Amino acid sequence: MRKPSAKDQLTPKEEELMQLLWANAPLLLSKIVELYPEPRPHANTVATVIRRLEAKGFVSHNVVSGNFEYYAVARMEDFRRRSLGQLIKSYFSGSYFGAVSALVNDDCLSEEEFHELMEMVEQKRRERDNNPNNSNNSNNNG
């Protein structure tokens, strides 16, 4: 499985196709085309995008009864993490706090979601505090 690096960029068409594969794979080319919203791209256009993604190492295929079934090799989580980091760097001067603040200020984050987020932060803190391999723990014996 290939993990995308910082230099790996998806074009909008590649990203759209990857989203379809992450959600539905493995898929035949005809099924991929059917999943696109109207107006659907031509099968040749989709096949070209698939070939580019295979060349980048993000997509692969299996041969089933003489047909190619395509699936994503690259993980959505890797792209999501990198893309979010780029967005925050570009629009929030690298501040994750600034990004969350913008969501709160623009009323995009409800009070319930905010409390849920705070619970997630607290849970992560507890996990870090209870992890004996965490270098931030003050359990040094030497």
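The shown structure was predicted, so the numbers you read here are calculated from the model rather than taken from an experiment.
Remark: Asp78 CG to Arg75 CZ distance equals 4.5 Å, nearest 0.5 Å. Rounding to the nearest 0.5 Å gives a distance of 12.5 Å between CG of Asn67 and CG of Leu27. Interatomic distance, Phe58 CZ to Phe79 CZ, rounded to the nearest 0.5 Å: 4.0 Å. Between atom NZ of residue Lys56 and atom CD of residue Glu14 there is a gap of 3.5 Å, rounded to the nearest 0.5 Å. One distance of note links CD1 of Ile88 with CZ of Phe97; it measures 12.5 Å at 0.5 Å rounding.
With hydrophobic clusters built from ILVMFWY side chains whose heavy atoms lie under 4.5 angstrom apart, Leu20 does not share a cluster with Leu28. In the hydrophobic cluster analysis, where Ile, Leu, Val, Met, Phe, Trp and Tyr join through side-chain heavy atoms closer than 4.5 angstrom, Leu87 is grouped apart from Met76. When hydrophobic clusters are built by joining Ile, Leu, Val, Met, Phe, Trp and Tyr residues whose side-chain heavy atoms come closer than 4.5 Å, directly or via intermediates, Leu117 is grouped together with Leu103. Residues Leu109 and Leu84 are members of separate hydrophobic clusters, defined by side-chain heavy-atom contacts under 4.5 angstrom among Ile, Leu, Val, Met, Phe, Trp and Tyr. By the rule that hydrophobic residues join a cluster once side-chain heavy atoms approach within less than 4.5 Å of another member, Val104 and Met118 end up as members of one cluster.
In this pair, His61 and Phe68 present their aromatic rings parallel. The plane angle is below 30°, not in the 30 to 60° band.
Few gaps surround OH on Tyr71; more than 12 heavy atoms of other groups in view lie less than 6.0 Å from it.
Screening Leu21, Val46, Asn24 against Leu35 for a side chain to side chain contact (heavy atoms under 4.5 Å, CB included) leaves a single residue, Asn24.
In this structure, Glu38 pairs ionically with Arg40, as a charged nitrogen and a carboxylate oxygen lie closer than 4.0 Å. Salt-bridge annotation for Arg125 and Glu122: present, with a side-chain N of the basic residue lying under 4.0 Å from a carboxylate O of the acidic one.
For the pair Ala72 and Met18, the tightest heavy-atom approach, listed with the atom from each and the gap, is CB-CE, 3.9 Å. Closest approach of Gly85 to Tyr96, counting heavy atoms only: CA-OH, 3.6 Å. For the residue pair Phe92 and Ala102, the shortest heavy atom distance occurs at CE2-CB, 3.6 Å.
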Criterion side-chain contact (heavy atoms from CB on, under 4.5 Å) on Glu116 and Glu119, from CA distance to verdict | CA-CA 5 Å; Glu116 198 174 312; Glu119 179 55 35; 5.7 Å; no
Audit row: Tyr36, Glu16, side-chain contact (heavy atoms from CB on, under 4.5 Å) steps and yes/no | CA-CA 9 Å; Tyr36 276 91; Glu16 187 176 21; 3.5 Å; yes
Going through the checks in order, is the salt bridge (charged side-chain N to carboxylate O under 4.0 Å, His left out) test met by Glu34 and Lys31?
-> CA-CA 5 Å; Glu34 287 176 19; Lys31 290 294 182 189; 3.6 Å; yes
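With a 4.5 Å cut-off on side-chain heavy atoms, Glu54 and Val73 do not count as touching. At a threshold of 4.5 Å between non-hydrogen side-chain atoms, the residues Tyr70 and Leu53 do not count as touching.
Listed for the Trp22 side chain is a donor-acceptor partner under 3.5 Å among the backbone atoms of Ala74.
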